[in-house]
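What follows is a set of notes on a single structure, which appears directly below.
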Amino acid sequence: MSSVADAVVADAAKGRQPRMRRDERNIMDNSGFEELFGSTRLMAILRGLGVERSLAVSTTAWDLGIDVVELPIQTADDLEALRVVAAAGRERGKVVGAGTVVSHEHVGQAASAGAGFTVSPGLDLEIVRASHDAGMLSMPGVATASEVQLALTSGLTWLKAFPASLLGPEWLQAMRGPFPQATFVTTGGLNAQNAGDFLAAGARVVAVGSALEDPAQLPLLAALLEQGSTASR
């Protein structure tokens, strides 16, 4: 019998209410994302672009001042793109992450490809733990108050709000009340036009993708980066 179970039985035998004890093995920490993002308010997510386009768009992001890039891994081509972009990122001192990580196999693939962190669409503490054990930060996805509360109870403060475009800025404002310690990165359906609304509503970081390939949106993204840099001074 575990020590926790022993304590519960002992309390019951003595007529006391069972004591609530925290199992330290379930406590995780992803506060390292604070250092990873620094003052940057934007992240690039490059889904299914292939090796050459992924590298080109990553370079555009880095040159613009978006230091953090994530590549979702769902195909063999995605893994090769991650491997190439992660290597290019290391040469520039940038950390590249793997997205849509939903299995232990994905965790292993991400680590082998050189990812520095993993991101998941949902909240799976086993995936978070496996990522941390492999030396990578991990950010789970949340969309409900229950998921946010469970993540925070588990020691995870950096959370992916997904799908952000459907949740809306109002969701962020509502979550800030009961969960002021949560730090949200919003992803899903965001661009240069609506990113500012989510930042104003309390998002710490907003993730964009196709906007980086649209010359008309690049000046708007640059302006958002400048606003974030000014606010952090």
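Counting begins at 1 with the first residue of the sequence.
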> Do you reckon Leu218 sits in the same ILVMFWY cluster as Leu220, going by side-chain contacts under 4.5 Å, direct or chained?
Replying inline: no
> Under 4.5 Å between side-chain heavy atoms, hopping through other hydrophobics if needed: is there a path connecting Leu49 to Ile66?
Replying inline: yes
>> On a heavy-atom basis, which atom in Gly97 and which in Leu82 lie closest, and how many Å separate them?
In response: O-CD1, 3.7 Å
> For the residue pair Ile73 and Ala98, what are the closest heavy atoms and their distance?
Replying inline: CD1-CB, 4.0 Å
>> For a 4.5 angstrom cut-off between non-hydrogen side-chain atoms, does Val205 reach Trp158?
In response: yes
>> Tell me the closest heavy-atom pair linking Ala211 and Gln217, and the distance in Å.
In response: CB-OE1, 3.2 Å
>> Whether Arg204 and Glu34 form a salt bridge (side-chain N of Lys/Arg under 4.0 Å from carboxylate O of Asp/Glu) is what I want to check.
In response: yes
>> Do Leu150 and Ser146 have side chains that approach each other closer than 4.5 Å (heavy atoms only, starting at C-beta)?
In response: no
> In terms of hydrophobic clustering (I, L, V, M, F, W, Y; side-chain heavy atoms under 4.5 Å; direct or indirect links), are Leu36 and Leu199 co-clustered?
Replying inline: no
> Parallel, tilted or perpendicular for Trp171 and Phe184, by the 30°/60° rule?
Replying inline: perpendicular
> Is the backbone of Thr75 close enough, under 3.5 Å, to the side chain of Asp78 for a donor and an acceptor to pair up by distance?
Replying inline: yes
>> Let's go through Val185 and Met43 carefully: what are the C-alpha distance in whole Å and the side-chain angles of both, what is the deciding distance for side-chain contact (heavy atoms from CB on, under 4.5 Å) to 0.1 Å, and is it a yes or a no?
In response: CA-CA 9 Å; Val185 176; Met43 176 173 73; 4.1 Å; yes
> Could you go step by step and tell me if Val101 and Val107 meet the side-chain contact (heavy atoms from CB on, under 4.5 Å) rule?
Replying inline: CA-CA 7 Å; Val101 174; Val107 172; 3.8 Å; yes
>> Let me confirm one number: the CD-CG distance from Glu147 to Leu156, rounded to the nearest 0.5 Å.
In response: 12.5 Å
> What distance separates Phe179 CZ from Leu172 CG, expressed to the nearest 0.5 Å?
Replying inline: 13.0 Å
> If you count the non-hydrogen atoms of other residues, nucleotides and ligands that lie under 6.0 Å from CZ in Arg92, is the total more than 12?
Replying inline: yes
> Under 3.5 Å, is there a donor-acceptor pair linking the side chains of Asp29 and Ser31?
Replying inline: yes
> Do Leu225 and Val57 belong to the same hydrophobic cluster, where Ile, Leu, Val, Met, Phe, Trp and Tyr are linked whenever their side-chain heavy atoms lie under 4.5 Å apart, directly or via other members?
Replying inline: yes
>> Using side-chain contact (heavy atoms from CB on, under 4.5 Å), reason through Asp77 and Val51 one step at a time and then give a plain yes or no.
In response: CA-CA 7 Å; Asp77 287 343; Val51 175; over 6 Å; no
> Quick one: does Leu71's side chain get under 4.5 Å of Ser54's, heavy atoms only?
Replying inline: yes
> Roughly how far apart are Leu123 CG and Ser154 OG, rounded to 0.5 Å?
Replying inline: 7.0 Å
>> Could you tell me if Asp63 and Thr60 have a donor-acceptor pair between their side chains, going purely by distance under 3.5 Å?
In response: no
> Does a side-chain heavy-atom distance below 4.5 Å link Trp62 with Val69?
Replying inline: yes
> Are Thr183 and Leu159 close enough that some pair of their side-chain heavy atoms sits under 4.5 Å apart?
Replying inline: no
>> So which atom in Pro169 and which in Ala201 form the shortest heavy-atom distance, rounded to 0.1 Å?
In response: O-CB, 3.5 Å
> Between Met175 and Pro178, which heavy-atom pair has the shortest distance, and what is it?
Replying inline: O-CD, 3.5 Å
> Do the side chains of Leu152 and Leu125 join up, straight or via other hydrophobic residues, at under 4.5 Å, putting them in one cluster?
Replying inline: yes
>> As an exercise, state the distance from CZ of Phe117 to CE of Met136, rounded to the nearest 0.5 Å.
In response: 10.5 Å
> Under the 3.5 angstrom rule, does the side chain of Thr187 hit a backbone N or O of Phe162 as a donor-acceptor pair?
Replying inline: no
>> Just verifying a value: how many Å separate Leu212 CG and Thr59 OG1, rounded to the nearest 0.5 Å?
In response: 11.0 Å
> Please walk me through it: do Glu126 and His104 pass side-chain contact (heavy atoms from CB on, under 4.5 Å)?
Replying inline: CA-CA 8 Å; Glu126 289 303 316; His104 287 273; 4.2 Å; yes
> Side-chain contact, heavy-atom cut-off 4.5 Å: Leu224 with Arg41?
Replying inline: no
>> Check whether Asn30 reaches the backbone of Leu137 with its side chain - one donor and one acceptor, N or O, closer than 3.5 Å.
In response: no
> To the nearest 0.5 Å, how far apart are CG in Asn194 and OG1 in Thr186?
Replying inline: 8.5 Å
> Given the rule in the salt bridge (charged side-chain N to carboxylate O under 4.0 Å, His left out) test, do Glu213 and Arg53 qualify, once you have shown the distances and angles that lead to the verdict?
Replying inline: CA-CA 10 Å; Glu213 296 188 275; Arg53 285 181 62 203; 2.8 Å; yes
> How far apart are the closest heavy atoms of Pro72 and Leu46, and which atoms are they?
Replying inline: CD-O, 3.3 Å
>> Using side-chain heavy atoms (C-beta onward) and a distance below 4.5 Å, is Lys160 in contact with Val142?
In response: no
> Do Arg47 and Thr100 have side chains that get closer than 4.5 Å, going by heavy atoms?
Replying inline: yes
> More than 12 foreign heavy atoms under 6.0 Å from CD of Glu35: is that the case here?
Replying inline: no
> Taking atom CD of Glu105 as the centre, does the number of heavy atoms from other residues, nucleotides or ligands within less than 6.0 Å exceed 12?
Replying inline: no
